[in-house]
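Notes to accompany the following structure.
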Number of protein chains: 2
Amino acid sequence: MALVTRRRNAGQISGESIVIEAAWMYYHDGLNQTEIAGQLGVSRATVVNYLQEAKTRGFIRISLSASAFTTHQLAQDLREKYNLTAAYVVPDGNGRDEDTLMRVARGAGEWLPSLLEPGDRLGVAWGRTIFEVAEALEHSQTGDVAGDITVSQLVGSMATPYGFTAEICSAHMAQRLGAKCINLHAPAVLSDPDLAARLRAEPIIRDQIEALSRCNKAIFAAGSCDHTSHVVSSGVASHADLDWYIAQGATGVLCGRFIDAKGRSIPGDLDARIIGVELDRLLNLDMGLLVSTGADKVAPMQAAIAGGYVTHVVTSSSTAAGMLAE
Amino acid sequence: MALVTRRRNAGQISGESIVIEAAWMYYHDGLNQTEIAGQLGVSRATVVNYLQEAKTRGFIRISLSASAFTTHQLAQDLREKYNLTAAYVVPDGNGRDEDTLMRVARGAGEWLPSLLEPGDRLGVAWGRTIFEVAEALEHSQTGDVAGDITVSQLVGSMATPYGFTAEICSAHMAQRLGAKCINLHAPAVLSDPDLAARLRAEPIIRDQIEALSRCNKAIFAAGSCDHTSHVVSSGVASHADLDWYIAQGATGVLCGRFIDAKGRSIPGDLDARIIGVELDRLLNLDMGLLVSTGADKVAPMQAAIAGGYVTHVVTSSSTAAGMLAE
DNA sequence: ACCATGGGTTGAATATTGTCAAAACCTAAC
DNA sequence: GTTAGGTTTTGACAATATTCAACCCATGGT
């Protein structure tokens, strides 16, 4: 264990760690490494080391300002067409969907903190996208967001083939935001309606579900409604279920519930077996942040927006273009 | 004048905002300009332009983590405002003055060794703060400073209710620094001017006092000038003395001498009875290190600096803020 | 007291980035 | 259709930053 890092510190302007001093000179004063090396009395190479340490230690945060993504044409159009409070459109990059998803998640991760304020109770849904958003938060935030935020898990947990669960999504997000976390300690879907009812009645679960209705903000993704969708692969619905819902006009999936093109919840078999927020609860929130990308998400996103659950959107430019095409 | 910038619509990247795309690739994806140029189908120089545009348009936000840098900012400001060589500001921590004092002392203790060099003759004042600095040295330094340093006791000794005397301050400091130590074997203040004069004339004392004028660096604290101050409780001055000095405009205490807001020594009754360095000796040193903290020290510190005795400062962030407030 | 160890530092080779004037391009007016 | 005037892009060069293997020095164990 290296206890005290023993560095030379001559020529410093303040007694602060020389790493900070160097980072300050570089990023704040705009000096170049040669000048800094001169003033600090070390070699340029050492200055490089200091700066890298500053980066890895998180002293330096480089992010693209939200305005860049919310002001440009696609975002504006999206906002107008769907009457949103704000939209955040990130470039697709190379065509790979995977990369685009990461970009969208990262964008959401950078934007989210600025959308929250002390006292907020944020509901967090589940899914690959949301998981990545939570991950992305880590890099952009150093844990100094305005405190006193509570994160609630919007839907029950699910054994997934993806290695991330609803708990992990909300727990990660809470951790990155420095927020308290209320998990929902129950499966997302049960095989038997009675069991589900009894579980919902359990005091612990009931309290947790009740906490959900106190959320004033929420973050969720729109799920698509085809047979490759996560709804099926994660076991929420069987292929048969899916076909039935599609026949009823299902256009997308929101927090485990099927919605039609107008965003209305489609009543069905599953409702009684699901443990999670009811879609009604997501209406009229201070913020409903929809994070999704992909051509197959265009219709589900439109449905979710039509349902009135959405005030803010994060997506990719091609998806945005798809939503704007008529 | 906001015209639409017409750019060549190369590649399949949305022509809308190549600038953002480039910025994303550079800052988020970590690609270098050559790679970006390739993917975007433009020259590398163009990428430079895009990135610069992103900078000037404010898309890129480089922020230095607040926690690490606020203190540094204060130090910079302090240095500028008071024309100091360097300043070291430590965070206050929890509100407790006691803890803050310890932090400041530790900061000074860490900094001091790097401010000294072989051959230096360091004058050491007396006080709670200085004592703690000496103590703090113990932990950070194992006596491996460049040798050949001499420590001199700046003021005579004092029976105190605190259990540490001027000798102990300087002796400790000398020990921690691996320095020689010249103590001043006399009381700091005598009741009779004649006695003081005769004592000063004693060969041993005279030599020791003379040694003081050979100091090229000094470390001292600023004392406040109210009735709760150490000047009174340690018996240097009586309440009556204090009132008299305050009436003369005394703003602080430096090495047992009262100074006014401009840092000028206030001539008075005490001068003839004190055994210790004269403030003139502290002018134009290679280093005058002022270590103090507390709201009540703001004015005294400012006075000391105004008097020209100070080149380096160690203090707490709230005190620094107080000194910067106007 | 000695040596092994590991982090901090360094100089030189390498890679990346910034600069600048010239060229290409677009728009709009002649 | 052509030209003027502005902007964007470009290539070559200069400045700057990064990498890497070797070095130094303090530390801790033998």
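Residue numbers start from 1 in every chain, and the chains themselves are labelled A, B, ... in the order their sequence lines are given, proteins ahead of strands.
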### Nearest-angstrom distance from the residue atom CD1 of B:I18 to C1' of D:dT9
11 Å
### Query
Listed by chain and number, what are the ring pair (Phe, Tyr, Trp, His ring centres under 6.0 Å) partners of B:Y309, not counting sequence neighbours?
none
#### Entry: Which residues share a ring pair (Phe, Tyr, Trp, His ring centres under 6.0 Å) with A:Y88, sequence neighbours left out
A:F69, A:W111
### Query
Reckon A:Q52 has a side-chain N or O less than 4.0 Å from the OP1 or OP2 of D:dA17?
no
#### Entry: For B:K55, all residues meeting salt bridge (charged side-chain N to carboxylate O under 4.0 Å, His left out), sequence neighbours excluded
none
### Task
Look at the side-chain N and O atoms of A:Y50 and state whether any lies under 4.0 Å from the OP1 or OP2 oxygen of C:dG8.
no
### Query
Rounded to whole angstrom units, what separation is found between the CD atom of B:E53 and the C1' atom of D:dT8?
10 Å
What pairs of nitrogen or oxygen atoms, one from the protein and one from nucleotides 21-23 of chain C, lie under 3.5 Å apart?
none

#### Entry: Between C:dT17 (C1') and B:I60 (CD1): distance, integer Å
14 Å
### Query
What string of B, S and - do you get for nucleotides 11-16 of chain D 5' to 3' if you count protein non-hydrogen atoms under 4.0 Å?
B----S
### Query
Do NZ/NE/NH1/NH2 and the carboxylate oxygens of A:R106 and A:E132 come within less than 4.0 Å?
no
### Message
Which residues pass the side-chain contact (heavy atoms from CB on, under 4.5 Å) test with A:N49, not counting sequence neighbours?
### Response
none
## Note on the structure
In short, salt bridge (Lys or Arg N to Asp or Glu O under 4.0 Å) pairs touching residues 25-42 of chain B with sequence neighbours left out are A:R103-B:D29
### Task
With sequence neighbours excluded, tell me which residues meet side-chain contact (heavy atoms from CB on, under 4.5 Å) with B:A179.
B:I149, B:V151, B:A174, B:L177
### Message
I need the CG-P distance between B:L51 and D:dT10, as an integer number of Å.
### Response
14 Å
### Task
Can you sort out the partners of A:S292 under side-chain contact (heavy atoms from CB on, under 4.5 Å), two or more places apart, ordered by chain and number?
A:A221, A:A222, A:L290, A:K297, A:M301
